[in-house]
Amino acid sequence: MGKDNVEIIAVEATQANMMDYEEASRSFDWADVEKRFSWHETGNINLAYEAIDRHAASERRDHIALHYSDPVRSESYTFEQLRQQSNRAANMLRKLGIGKGDRVFIFMPRTPELYFTLLGIIKIGAIAGPLFEAFMETAVKDRLADSGAVAIITTPKLVERVPSHELPELQHVILVGDEQDITAPYIDFAKEMQQASTEAEIEWVDLDDGLILHYTSGSTGKPKGVYHVHRAMIQQEYTGRIVLDLQENDIYWCTADPGWVTGTSYGIFAPWLNGVTNVVRGGRFSPQDWYKTIGRYQVTVWYSAPTAFRMLMGAGDEVVQQYDLSSLRHVLSVGEPLNPEVIRWGYRVYGQRIHDTWWMTETGAQLICNYPRMDIRPGSMGRPIPGVEAAIIDDAGNVLPPLRMGNLAIKTPWPSMMYKIWNNPAKFEEYTRIPGWYISGDSAYMDEDGYFWFQGRIDDVINTSGERVGPFEVESKLVEHPAVAEAGVIGKPDPVRGEVIKAFISLREGYTATEELKQEITRFVKEGLSAHAAPREIEFKDKLPKTRSGKIMRRVLKAWELELPTGDLSTIED
Ligand code: 6R9
C-alpha cells in the first residue's frame with residue numbers, strides 16, 4: 001500500500017483495532033490510574049512533586065527533563081536540577097509571604113525561568129496564572145484584577161504593561177532580567193533565586209485544592225478564570241501515556257505556550273508526570289527552526305496545532321526534505337478542526353499520521369482523540385478515550401442518535417474537569433445546566449462507529465490560529481476608540497488561521513471612513529489588548545444590526561460576510 005493513497009488512513013480499520021478500543025473502555029477504572037501516583041501510598045499530594053521530585057528521587061534523577069533552546073540560549077536540565085530550581089523559586093515566593101491558595105501570575109516569554117517558577121508556585125500550594133507574552137495592558141489588568149493576584153513574575157520590558165497602581169491586591173512584582181534594569185520596588189528574580197536554598201518543604205494539598213487559573217474567552221463578558229485543581233494530574237498522566245503514547249526514552253515536543261492550556265497540561269504536566277524529556281523552544285515560529293528542533297533533539301513525539309501544520313504545509317515539501325525528521329514516531333494536533341488535507345499532506349511528507357485530539361481549557365485534558373492504535377478518519381476528532389463518555393444531546397438533554405447534529409456533551413465528572421470559574425458561579429452553571437452533562441459549546445455529530453465530527457461553535461467564540469478570542473472583549477476595546485460608535489466582531493473563515501477577526505464598525509459623527517482610520521483602529525486594539533485580538537479586516541457600516549434589547553447580532557454580520565440568508569430576524573431592532 002503506497003503512502004500516496006491518502007484513503008489508506010481511513011480504510012486501514014481492522015476488527016482487531018476496534019476490539020482493542022472496546023476492551024480498554026470496558027475494563028477501564030480511574031482508580032487504577034490513581035495507583036500510579038506516590039500519594040496513593042503516602043497520602044501526600046502535590047502535582048509538582050509527582051512531576052519532578054518523584055523522578056529526582058528515582059533512577060531517573062539524572063535523566064534530561066528539559067531541553068530548552070531559543071535563538072540565543074540553549075540549556076538542558078535533569079529532573080534533579082529542575083527539583084532544585086523549582087525549590088529555589090518556591091523559597092523565593094515563600095520569603096515574600098506567599099502561600100497556599102494565593103494567585104501568582106507569570107507573564108514572560110518561554111524560558112527555563114518560566115518553568116522553574118510555575119513549578120515553584122505549585123510546590124507552595126499557590127495557584128499559577130500563566131499569561132501570553134503578547135497581552136497588552138487591558139488584557140493583563142483584567143486578569144490580575146479578577147483573580148486578585150498578589151504577585152506577578154515578569155520582565156523589565158513587559159512590566160510596562162502591568163498597571164500596578166490600578167491593582168490594589170498586587171503586592172509583589174518580580175522581574176526576570178538584567179540586574180541593572182531592576183530597581184525597587186521591583187524584586188530581582190536572579191538575585192533571589194541565587195540566594196534561595198535548593199531544598200524546600202512541599203506544601204501537601206488535597207486533590208481539590210487549586211492548581212492553575214487559565215483565563216479564556218466566552219462570547220459575552222470579560223474572559224473567565226477557569227480554575228483547575230491538583231486532581232487534574234490523574235488524567236494528564238493517563239492521557240500522556242495512552243494518547244501521547246509517551247514511553248521512557250521519548251523526546252517529546254509540545255509547541256504550545258503555557259499561556260494556553262495546551263502549554264501547561266501537555267507542555268509541562270503530562271510529559272513530566274510520565275518522567276519524559278520535554279523540549280521547549282522559545283522565539284518565534286519558523287518552519288526551518290521548527291524542523292531543525294526536531295532533528296537536533298531527535299524528537300519522537302510531537303504535539304502541535306492545525307494552524308502550525310497549515311503554515312508548515314504552506315512552506316512546502318522541499319523544506320521538509322532538508323531536515324532530519326526520521327526520529328518522529330507519533331504526531332498529534334489540537335485547538336481547531338484539523339483539515340483532512342493537512343492529514344493527507346502530513347502522511348505523505350512526514351510519513352506520519354497526524355492524530356487529532358479534542359478538548360478545552362475547561363476540560364483540563366484530552367477527551368476525544370485519535371489515539372495510537374486507532375484508525376484515523378480524516379476530519380474526525382476521534383473517539384472518547386476509555387474512561388470518558390461523550391454524546392450529542394439536544395437542548396433539552398436528550399441523547400441524539402448517530403448522524404444527528406447537536407451539542408457535544410461529556411458525562412460528568414472526569415478527573416481533570418475544571419473545578420469552578422473564578423468569581424463566577426453563574427458562568428459555571430451554564431456549562432452544567434443539564435444534570436449529568438458538561439455542555440462544551442461545540443456542535444458536532446457522532447457517526448455509526450462512535451467517531452465524533454466537529455461542526456462549529458454554538459456561541460460566537462472566534463478561533464484564530466488556535467487561540468480563543470471572545471468577540472465581546474474585542475468589541476469593548478474597539479468602542480474605546482474615539483471614532484467608533486458601535487462595533488460587531490465575527491470570525492471570518494481563513495485557509496491558514498482557521499478564522500480571522502473581522503470587525504464591522506459604525507463611526508461617530510464627524511469621522512470619515514478612511515484607510516488610515518482602519519489602520520489606526522487596528523493599531524489601537526493591538527496596543528491595547530493584544531496582536532492576536534486585533535481585527536485583520538474592518539468594514540465600516542452606517543448602522544449595525546441589533547436586537548431590541550440592543551445586542552449586536554453577530555449572526556447577521558456573519559451571514560452578510562458569507563453571503564448567506566440572515567435567518568430569523570424577529571428580534572431585530574428595525
Ligand atoms: C485545548 C484547547 C477549545 C475550543 C473547543 C473547540 C476548539 C479544540 C479541537 C477544536 C475542532 C479539535 N477545538 N480542539 N475544534 N477539533 N480537535 O484548544 O482549548 O483554547 O479552550 O479551545 O477549541 O471549539 O471548544 P481552548
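One-based numbering, in listed order, for ligands and for the atoms of each. One-based numbering along the sequence shown.
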V342 versus R310: any side-chain heavy-atom pair under 4.5 Å? yes
Go ahead and list the nitrogen or oxygen contacts between ligand 1 and the protein that come in under 3.5 Å, distances to 0.1 Å, or just say none.
{"unit_1": "ligand 1", "atom_1": "13 (N)", "unit_2": "G335", "atom_2": "O", "d": "3.2"}
{"unit_1": "ligand 1", "atom_1": "14 (N)", "unit_2": "G335", "atom_2": "N", "d": "3.2"}
{"unit_1": "ligand 1", "atom_1": "16 (N)", "unit_2": "E336", "atom_2": "O", "d": "3.3"}
{"unit_1": "ligand 1", "atom_1": "17 (N)", "unit_2": "D356", "atom_2": "OD1", "d": "2.8"}
{"unit_1": "ligand 1", "atom_1": "17 (N)", "unit_2": "D356", "atom_2": "OD2", "d": "3.3"}
{"unit_1": "ligand 1", "atom_1": "17 (N)", "unit_2": "T357", "atom_2": "O", "d": "2.7"}
{"unit_1": "ligand 1", "atom_1": "19 (O)", "unit_2": "T361", "atom_2": "N", "d": "3.3"}
{"unit_1": "ligand 1", "atom_1": "20 (O)", "unit_2": "W260", "atom_2": "NE1", "d": "2.8"}
{"unit_1": "ligand 1", "atom_1": "21 (O)", "unit_2": "T361", "atom_2": "N", "d": "2.9"}
{"unit_1": "ligand 1", "atom_1": "21 (O)", "unit_2": "T361", "atom_2": "OG1", "d": "2.5"}
{"unit_1": "ligand 1", "atom_1": "21 (O)", "unit_2": "R468", "atom_2": "NH1", "d": "2.6"}
{"unit_1": "ligand 1", "atom_1": "23 (O)", "unit_2": "G335", "atom_2": "O", "d": "3.3"}
{"unit_1": "ligand 1", "atom_1": "24 (O)", "unit_2": "D442", "atom_2": "OD1", "d": "2.9"}
{"unit_1": "ligand 1", "atom_1": "24 (O)", "unit_2": "D442", "atom_2": "OD2", "d": "3.2"}
{"unit_1": "ligand 1", "atom_1": "25 (O)", "unit_2": "D442", "atom_2": "OD1", "d": "2.9"}
{"unit_1": "ligand 1", "atom_1": "25 (O)", "unit_2": "D442", "atom_2": "OD2", "d": "3.0"}
{"unit_1": "ligand 1", "atom_1": "25 (O)", "unit_2": "R457", "atom_2": "NH1", "d": "2.8"}

Pair H214 + H228: ring centers closer than 6.0 Å: no
Short side-chain donor-acceptor distance under 3.5 Å, S416 and Q236: no
Under the side-chain hydrogen bond (donor to acceptor under 3.5 Å, both in side chains) rule, what do W358 and D442 come out as? Steps first, then yes or no, please. CA-CA 11 Å; W358 177 90; D442 284 359; 2.8 Å; yes
Aromatic ring pairing Y431/F428, orientation class (parallel under 30°, perpendicular over 60°, tilted between): tilted
Main-chain N/O of E133 paired with R161 side-chain donor or acceptor, under 3.5 Å: yes
